[in-house]
Q: 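Right, I'll just put the structure down here and ask away after.
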Amino acid sequence: ARQLGLERDAALGRALDEFVTAEAGRALRSMFGRVGQGGGPQACDLELLAGQGTPRVVRATCALDPAGDRFLVALV
């Protein structure tokens with residue numbers, strides 16, 4: 001949530017692509033597709049539209065959630 005400029009409660013339940021540029025949204029969906037099709041963990045750069053400031057680039061890593069059919073995503 002801090003990477004997005006939000007409190008944790010404000011970020012819960014919201015789609016990550018709400019917080020990225022259109023190009024980054026395409027990269028994010030592509031990464032989810034590769035991971036979902038058995039490509040193993042993946043990473044890409046995303047431009048966040050967080051908070052009131054200038055957009056910034058973060059590294060997103062993604063893997064399948066072992067507990068279900070969702071993804072685990074870390075932003076650094």
Side-chain angles (χ1 to χ4, degrees):
R2 281 181 285 175
Q3 291 278 12
L4 301 173
L6 298 172
E7 294 295 324
R8 183 180 181 276
D9 290 341
L12 288 175
R14 294 179 66 182
L16 184 56
D17 64 1
E18 291 181 43
F19 304 101
V20 298
T21 63
E23 182 179 338
R26 288 187 291 277
L28 182 64
R29 288 184 293 280
S30 177
M31 180 174 65
F32 287 158
R34 291 189 308 274
V35 172
Q37 292 178 349
Q42 300 285 316
C44 70
D45 292 330
L46 299 177
E47 188 173 24
L48 291 181
L49 300 171
Q52 301 279 331
T54 304
R56 64 186 179 136
V57 176
V58 297
R59 187 74 172 165
T61 57
C62 177
L64 280 177
D65 182 349
D69 61 346
R70 297 182 182 193
F71 300 102
L72 300 173
V73 179
L75 303 177
V76 291

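Remember, it's a predicted structure, so these values are computed and weren't measured experimentally.
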Q: Please tell me if the side chains of Phe32 and Val73 come closer than 4.5 Å, counting only heavy atoms from C-beta onward.
A: yes
Q: What heavy-atom pair brings Ala43 and Arg59 nearest, and what distance separates the two atoms?
A: CB-NH2, 3.6 Å
Q: Could you tell me if Arg34 and Ser30 have a donor-acceptor pair between their side chains, going purely by distance under 3.5 Å?
A: yes
Q: Do Leu64 and Phe71 make a side-chain contact, defined as non-hydrogen atoms from C-beta onward lying under 4.5 Å apart?
A: yes
Q: What pair of heavy atoms forms the shortest contact from Leu46 to Ala27, and how long is it?
A: CD2-CB, 4.4 Å
Q: On a heavy-atom basis, which atom in Glu47 and which in Pro55 lie closest, and how many Å separate them?
A: OE2-CB, 3.4 Å
Q: CG of Asp69: more than 12 outside heavy atoms within 6.0 angstrom?
A: no
Q: Taking everything shown except Glu23 itself, do over 12 heavy atoms lie less than 6.0 Å from its CD?
A: no
Q: Can you tell me how far the CG atom of Leu72 sits from the OG1 atom of Thr61, to the nearest 0.5 Å?
A: 9.5 Å
